[in-house]
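One structure is given here, and the rest of the page talks about it.
Numbering of residues begins at 1 and proceeds along the displayed sequence.
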Amino acid sequence: MAVAMHNVTKVTKASTMKDKVGNPLDFNLPPPGTAAAAKLPRKKKRKNKKCPKVMKPLSRQKIRSSSAVESKSEIGTSCTPHRGLTSSSSFRFCDRPSTAGSLRLPSIHTPMSTSSTALASSVDRLATPPGRQRTSILPESSQPTSSERRKKVSLLAAIKPANEKAEKERFLRAKCQYNPYFIYKFPADAEVLERVSMASDKLLPQAILIMERAIDQYGCYENFEAETGGQIISRGQINNLVQRYLKKEDIEREIVVNLTEELLSRGSMTRHKGKPQLNVRVSNLREYWVDGLLRHELGTHYVRSYNTKFQPWYNWKVRKELDMLPMNPTEEGLASLHSVLFRKNPCLWRSALLYYTVYMASKLSLKDLFKDLGRFVSDPHVRWDYCIRAKRGQIDTSTPGAFSKDQVYLSGALQILKYRRQIDFHMMMRLGKVAFQDIERLRGYADLEGTRVPTFMEDRTSYIKHLDRIAEANGLTDLVLKSA
């Protein structure tokens, strides 16, 4: 009876209990599974919101010694989030600097090692870039736009590395013991690159002869530059010289001038919005070289291109029907001679060194090529310019290979010097972009009305004398030229 009364009392007290808001609590609920229980309101399920786990800051007492870290890194590289830092648990450290005194925490990518033999030198790390950097894909920010992809890109633009500056800095930081890895915004087709990768050694003796004569006279390339090129001039001075030349030739309104630092070569001719554009690299350009560069680009390339418009072979199908020879090496050979035509010492150093560099690039990696060129050029920046010209188009420069077009400068110049007394230079200019071997058979098809000859070629006798002086200054006797 006492027990029963006790139970009734508990129920009575429970039935008078209230919740936090004052509502009476009802403990007389219907049994589960019945129709009455199904009508009861159900409690909404709370979504399980996962919160990111935050690592607690490590105290100095809990950090294990470097020897423990070293032994752990030697066992394996698998890492799990920090859970207490016991001696048997694996852990992961962040790359941010430690605040625990002077103790440095190891990086997840580089296990700590106190052994001096295990540490690679800075040169080795630079010369052996990680595999993730060995990619020919441009970062998203540098990818060409859809409109850029639709445009036709010249071969010289396609083989210009997009990361040339970054790879140059890495190469120099590695003390020139690193083979650059180039990427391209508009990669050229493999078939096209294969056609311009055949290097020749036919004129190698003449190229070395020209460079050795210059070294015997000036001691080194740097002295040759200073004495024959004059002082390095500013952008404003370059522009003044360009405008003076355009006015002299009466072509001011025909040419767009672009002074830039993005060229691999000293100058080039392209088209901008339908107009011919002269591109000039302003960095390290010397005073006496500007006139030669303008005779090269405007006095040769532009004038011959202008004259071609009047000829039937302006159409490439007609060129094929007439079985015409390629315009190179005549085109670049003539331009190379015009570059040095009025110089105090008309040495063909640049043409010779380009020829030599291309041949050696076909046999060597870039870093070995850079070392080999030290016999002729000391300045690392000048050497890099020659190496990059010969290796452009390649992705991995650790393998032999070359862009052989640069050999046409010397081969064309020597051919013209060899036949300079038989060539009709005025007719060759008026016919446009043709090989000197095709002059006589194309003469009857030519339309000469409206064609031009640059002012420096108007006096034929004086022009031939300047060519004679170039041959003599470079030791190119008739006997030497006979084998060219």
Side-chain angles (χ1 to χ4, degrees), residues 194-218 221 224 228 265-266 292 296 300 325-341 343 345-364 368-370 372-377 382-383 385-393 400-423 425 428 435-438 466-484:
E194 187 177 357
R195 289 200 299 266
V196 292
S197 63
M198 302 300 292
S200 171
D201 63 348
K202 180 181 178 181
L203 301 177
L204 207 58
Q206 289 87 340
I208 295 174
L209 169 67
I210 292 170
M211 292 187 288
E212 287 181 344
R213 283 176 65 89
I215 291 176
D216 291 342
Q217 185 174 353
Y218 296 98
Y221 177 76
F224 167 78
T228 63
S265 57
R266 290 180 184 166
H296 182 118
T300 309
L325 294 174
M327 62 182 180
N328 273 318
T330 298
E331 178 79 10
E332 294 296 354
L334 186 64
S336 298
L337 294 174
H338 291 167
S339 296
V340 301
L341 196 66
R343 284 188 189 175
N345 182 357
C347 179
L348 293 170
W349 175 291
R350 183 170 178 80
S351 300
L353 186 54
L354 286 173
Y355 188 97
Y356 175 86
T357 303
V358 167
Y359 174 74
M360 296 307 296
S362 68
K363 306 295 181 184
L364 303 172
D368 293 334
L369 174 64
F370 185 90
D372 182 78
L373 292 183
R375 61 186 289 200
F376 299 113
V377 181
V382 176
R383 264 195 278 173
D385 287 344
Y386 281 95
C387 290
I388 188 68
R389 282 183 65 103
K391 285 292 185 178
R392 52 185 167 168
F403 177 61
S404 61
K405 176 184 176 294
D406 282 348
Q407 287 194 323
V408 300
Y409 296 101
L410 184 66
S411 61
L414 296 191
Q415 286 182 13
I416 291 173
L417 289 177
K418 181 178 180 180
Y419 297 102
R420 64 186 182 275
R421 296 182 182 89
Q422 291 83 35
I423 296 175
F425 286 97
M428 184 169 68
F436 74 89
Q437 295 94 331
D438 286 338
H466 282 295
L467 295 183
D468 292 338
R469 192 170 65 93
I470 293 174
E472 182 181 357
N474 290 277
L476 300 174
T477 63
D478 291 341
L479 182 61
V480 174
L481 290 172
K482 188 177 181 179
S483 59

Could you report the tightest heavy-atom contact between [X] and [Y], atom names first, then the distance?
{"X": "Gly475", "Y": "Leu209", "value": "O-CD2, 3.8 Å"}
{"X": "Leu348", "Y": "Ser336", "value": "CD2-O, 4.3 Å"}
{"X": "Leu203", "Y": "Ser411", "value": "CD1-CA, 3.4 Å"}
{"X": "Pro346", "Y": "Ile470", "value": "CB-CG1, 3.7 Å"}
{"X": "Ser362", "Y": "Ala402", "value": "N-CB, 3.8 Å"}
{"X": "Leu481", "Y": "Leu414", "value": "CD2-O, 3.9 Å"}

How about [X] and [Y]: do any of their side-chain heavy atoms sit closer than 4.5 Å?
{"X": "Met428", "Y": "Ile423", "value": "yes"}
{"X": "Gln437", "Y": "Gln415", "value": "yes"}
{"X": "Leu410", "Y": "Leu354", "value": "no"}
{"X": "Arg383", "Y": "Val377", "value": "yes"}
{"X": "Thr228", "Y": "Trp349", "value": "no"}
{"X": "Ile210", "Y": "Cys347", "value": "yes"}
{"X": "Met360", "Y": "Leu373", "value": "no"}
{"X": "His296", "Y": "Glu332", "value": "yes"}

With no hydrogens and no angle check, is any side-chain donor or acceptor of [X] less than 3.5 Å from a backbone partner on [Y]?
{"X": "Asn474", "Y": "Arg213", "answer": "no"}
{"X": "Arg469", "Y": "His466", "answer": "no"}
{"X": "Gln407", "Y": "Val358", "answer": "no"}
{"X": "Lys418", "Y": "Lys482", "answer": "yes"}

- Message: If you apply the rule side chain to side chain contact (heavy atoms under 4.5 Å, CB included), what do you find for Leu325 with Thr330, and how did you get there?
- Response: CA-CA 10 Å; Leu325 294 174; Thr330 298; over 6 Å; no
- Task: Please check if any side-chain donor atom of Arg350 sits under 3.5 Å from a side-chain acceptor atom of Tyr386, or the reverse.
- Result: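 Yes - a donor-acceptor pair under 3.5 Å links their side chains.
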- Task: Return yes if a side-chain donor-acceptor contact under 3.5 Å exists between Ser483 and Gln206, otherwise no.
- Result: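 Side-chain D/A pair, Ser483 to Gln206: present.
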- Task: State which residue, out of Tyr218, Tyr221, Phe370, Tyr356, fulfils the ring-ring contact (aromatic ring centres under 6.0 Å, His included) condition with Phe376.
- Result: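 With Phe376 as partner, ring-ring contact (aromatic ring centres under 6.0 Å, His included) holds for just one option, Tyr356.
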- In plain terms, say whether Arg392 and Asp406 are close enough for a salt bridge, that is, a side-chain N and a carboxylate O under 4.0 Å apart.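 Yes, charged N to carboxylate O under 4.0 Å.
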- Using the ring of each side chain (for Trp, its six-membered ring), is Phe436 parallel, tilted or perpendicular to Tyr419, with breaks at 30° and 60°?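 If you compare the ring of Phe436 with that of Tyr419, the planes turn out tilted.
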Can you measure from [atom1] ([X]) to [atom2] ([Y]) and round to the nearest 0.5 angstrom?
{"X": "Leu369", "Y": "Ile388", "atom1": "CG", "atom2": "CD1", "value": "10.5 Å"}
{"X": "Arg421", "Y": "Leu467", "atom1": "CZ", "atom2": "CG", "value": "10.0 Å"}
{"X": "Ile215", "Y": "Ile208", "atom1": "CD1", "atom2": "CD1", "value": "10.5 Å"}

- Report the C-alpha distance between Tyr355 and Lys202 in whole Å, list the side-chain angles of each, state the deciding distance to 0.1 Å, and finish with yes or no for side chain to side chain contact (heavy atoms under 4.5 Å, CB included). CA-CA 10 Å; Tyr355 188 97; Lys202 180 181 178 181; 4.1 Å; yes
- Task: Determine, step by step, whether Arg420 and Asp468 satisfy the side chain to side chain contact (heavy atoms under 4.5 Å, CB included) criterion, reporting the C-alpha distance in whole Å, the side-chain angles of both residues, the deciding distance to 0.1 Å, and the verdict.
- Result: CA-CA 9 Å; Arg420 64 186 182 275; Asp468 292 338; 2.6 Å; yes
- Gln422, CD: over 12 other non-hydrogen atoms inside 6.0 angstrom: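 Count over threshold, so yes.
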